[in-house]
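Notes follow once the structure below has been shown.
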Amino acid sequence: MKAVHCTSYGNPEVLKIVEIPKPKPQSDELVIRIHATAVNSGDARIRRADPWAVRLIFGLAKPRKPILGGVFSGEIVETGNAVSKFRVGELVFGSVGMKFGAYAEFIAVPETAAITAKPESLSHLEAAVIPFGAMTALHFIRKANIQPGQKVLIYGASGAVGSAAVQLAKFYGAEVTAVCSGANAELVKKIGADKVINYRKEELSVNKEQYNVIYETVNKLSFSESIKHLKKDGTLILGAADFSKMLRAGFARMSGKKVITGVIKESAEGMDAVKKLIDERKYQPVLDRVFTLDQIAQAHEYVDLGHKKGNVGILVIP
Ligand SMILES: NC(=O)c1ccc[n+]([C@@H]2O[C@H](COP(=O)([O-])OP(=O)(O)OC[C@H]3O[C@@H](n4cnc5c(N)ncnc54)[C@H](OP(=O)(O)O)[C@@H]3O)[C@@H](O)[C@H]2O)c1
């Protein structure tokens, strides 16, 4: 099969197309023919080894698992003999998260992975771009226990995670304020934002509003500014915290503040919940540029710019 290997850490040119054997399923695994995948900020950060400590987990000189890519939509083409939940021919979409392997024509995944039936209303491309943002935002937004009518601020609202967070906060009944650049104001309104703050024109500090929940998705707002805009019992979600923010989160928790951070875990239950929202037309994919597997280095170059609108899709079967 055709796949993409990350041959060392570095710029997008380290990604090379290779021909390797198609995976065989273990007894509890499915082999999925991938129709579409996505280039997410997480893949790009591992490729760049950003932060450096990535190397301590994923491999010192290059990723131990050379095929990046955490999400996919496709067709089950083979099942192991102990598989009972899925059948050959079913169309599914999902995530293997940081286990990776989706920049390829086929992937083998345990049947218990974060996968579910592909929504009929979506193309493979639209389905493939959903799990990264949706699983991340669902994890954090569930923890924040948003109540109807609460004021929620989503910082970085036009990215993959931000656009998912806007839609999920809205689903839980929040009044959503989205922070993004002016060019993306219409986009975030379309997916449910009630108010939009253009971070390039209007400093958040000028705004005197306080929020029940602030979800900082892109690590661009200072910790003190975030706390300043939080109501007394409010919850701060630091979805992309670096080491120093994690430390500050720890100290803030000791003084009674509710600060949520950490690494998300995707699940089949989460994917089922998101599929239900899609089927009920309460959640939609936000798709920016589309590339083919051969163009994956170009897709990474675009994602590295840090200003994609939602998600970047990769057509594996053009
Ligand atoms: N904790 C976890 O387990 C977990 C899981 C998944 C992802 N993450 C992290 O979550 C972060 C966000 O991921 P993502 O995929 O959503 O990123 P992304 O799609 O690459 O984010 C791009 C967005 O960031 C916005 N942005 C850029 N500079 C900004 C600024 N100065 N102020 C406000 N917004 C700005 C851009 O908006 P404009 O173009 O409008 O400027 C753009 O829409 C990443 O760091 C990722 O590593 C963490």
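Quantities reported herein were computed from a predicted structural model and do not represent experimental measurements. Order of listing sets the numbers, starting from 1, for every ligand and every atom in it.
- Not a single heavy atom of Ser163 sits under 4.0 Å from any atom of ligand 1.
- Counting atoms of ligand 1 from 1 in the listed order, those under 4.0 Å from a heavy atom of Thr217 are 10 (O), 11 (C), 12 (C).
- Scanning the protein heavy atoms around atom 37 (O) of ligand 1, the nearest turns out to be Ser158 OG, 3.1 Å.
- Classification of the Tyr103-His300 ring pair by plane angle, with boundaries at 30° and 60°, yields perpendicular.
- Residue Lys220 touches ligand 1 through its side chain alone, judged by heavy-atom distances below 4.0 Å.
- Aromatic rings of Tyr215 and Phe140 (six-membered ring for Trp) have centroids within the 6.0 Å cut-off, being under it.
- The closest non-hydrogen atom to atom 47 (O) of ligand 1, taken over Arg200, Arg45, Lys309, Met98, comes from Arg45.
- Of the heavy atoms in Phe140, only side-chain atoms (C-beta onward) come closer than 4.0 Å to ligand 1.
- Judged by a 6.0 Å distance limit and a 45° cone about the ring axis, Lys22 is positioned over the six-membered ring of Phe106.
- Heavy atoms from other residues, nucleotides or ligands lying under 6.0 Å from NZ of Lys276 number 12 at most.
- By the 4.0 Å heavy-atom criterion, Asn184 is counted among the residues contacting ligand 1.
- Summarising the contacts of atom 23 (C) of ligand 1 with Ala157, Gly42, Gly159, Ala38, the nearest heavy atom is found in Gly159.
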